[in-house]
Amino acid sequence: MPGVDGRVAIVTGAGRGLGRSHALRLAAGGASVVVNDLGASRDGGGADATAAQNVVAEIRAAGGVAVPDDHDIAFEAGAQAVVNSALEAFGRLDIVVNNAGILRDATFHKMTVEQWEAVRQVHLDGTALVTRSAWPHLREQRYGRVVVTSSGAGLFGNFGQANYAAAKLGVVGLMNTLALEGARYEIRVNAVAPVALTRMTAGLLDEAIDLDPAWVSAAVGWLCAEECDLTAEIVRVHGHHFSRVRIVESRGVDFPSPPSDDELAARWADIADLTGAKEGQAAVAVPRHAPNGIRSACP
Ligand code: NAD
């Protein structure tokens, strides 16, 4: 079974925690891995190249193939450099696992613009920029597996994490569009929403259940496998519990004219009824296989 055997993968933020676990999993499956990690603190400060180097040493000791990379993926030059690392070391690129992350928690009324931007830059901009640098190579070879890392905070909200939640739902929006644009090139784009015990969550989680990052890496490894044809899926992994998250739209209600507040309130139960709900679609939908995304079939 090919799985990820012989593929070349980038895992960002792979110097510890979930990223390290993803990198070990992919390498054990036969992928050559670029272990990217800036070696930042939990809030994104500082840098330490040994974070990536140590994981590479672990992979090599287990008989795997990996190279370290300590570029900052939050900015265009660093994101491009990570992709260049893959091309220089292994001559190709097949898999991108966007995992690097930081936290700068604050309630919204206390959140500074700097806290907002720093978190957005790593999670949303970094995911977009690394994937953007990889995209031409994936398209040209007509094959790619991309994973983005969302979060329950992004999908459902979390107190004190407006910056993080916005970025983590942002990567889902990115995923949904890249899944459409990558479809004809055999590029599959999916998300994981993990709950795992790492530096990021130390002291915050109920440690009564096994929250080893390896549970999440199982989903990542599968989503990166050649046999896995899923795209635009969100796989939530909470320790041993795996589930699927969807954004769905209710069947809804038609009004003959713009309704009043009272009319809306009176019909809200019908509008909100999720019986028969289905996946939504953009109001102005680009045909799935439109060349260059041209809106040829749109009104
Ligand atoms: P972690 O703090 O253990 O590891 C994150 C790694 O990302 C660190 O090694 C850090 O140096 C690296 N990093 C940070 N900024 C970087 C940058 N600009 N460039 C390159 N590397 C950078 O955290 P973790 O728990 O392993 O989190 C991994 C991902 O999973 C994050 O995106 C996080 O938001 C997400 N996540 C984790 C949980 C959880 O329960 N642990 C839950 C939801 C989402």
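Counting starts at 1 for both ligands and their atoms, in listed order. All values derive from a computational prediction rather than experimental measurement.
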When you check the side-chain N and O atoms of [X] and [Y], is any donor under 3.5 Å from an acceptor?
X	Y	result
T131	N98	yes
N54	E58	no
T275	D273	yes

Decide whether an N or O pair under 3.5 Å exists between [X] and ligand 1.
X	value
S151	no
I73	yes
G152	no
L18	yes
D72	yes
I102	no
G19	no

| task | Tell me, please, which residues at least two apart from R7 pass salt bridge (Lys or Arg N to Asp or Glu O under 4.0 Å). | result | D94, E226

Does the residue [X] have a heavy-atom contact with ligand 1, meaning some pair of atoms that are separated by less than 4.0 Å?
X	value
K168	yes
G39	yes
A193	no

| Would you call V192 and V147 a side-chain contact if the rule is heavy atoms closer than 4.5 Å? | yes

| request: Compare all side-chain heavy atoms of L223 with those of V235 and state whether any distance is below 4.5 angstrom. | output: yes

Among all protein non-hydrogen atoms, which one is nearest to [atom], and what is the separation to 0.1 Å?
atom	value
atom 10 (C) of ligand 1	D37 OD1, 3.4 Å
atom 5 (C) of ligand 1	G101 O, 3.6 Å
atom 16 (C) of ligand 1	A100 CB, 4.0 Å
atom 4 (O) of ligand 1	R16 CG, 3.7 Å
atom 38 (C) of ligand 1	P194 O, 3.8 Å
atom 24 (P) of ligand 1	T198 OG1, 3.5 Å

| request: Measure from atom 39 (C) of ligand 1 to every heavy atom in V97, L103, T201 and give the option owning the shortest one. | output: T201

| said: The criterion is ring pair (Phe, Tyr, Trp, His ring centres under 6.0 Å); which residues satisfy it with H22, sequence neighbours excluded? | reply: none

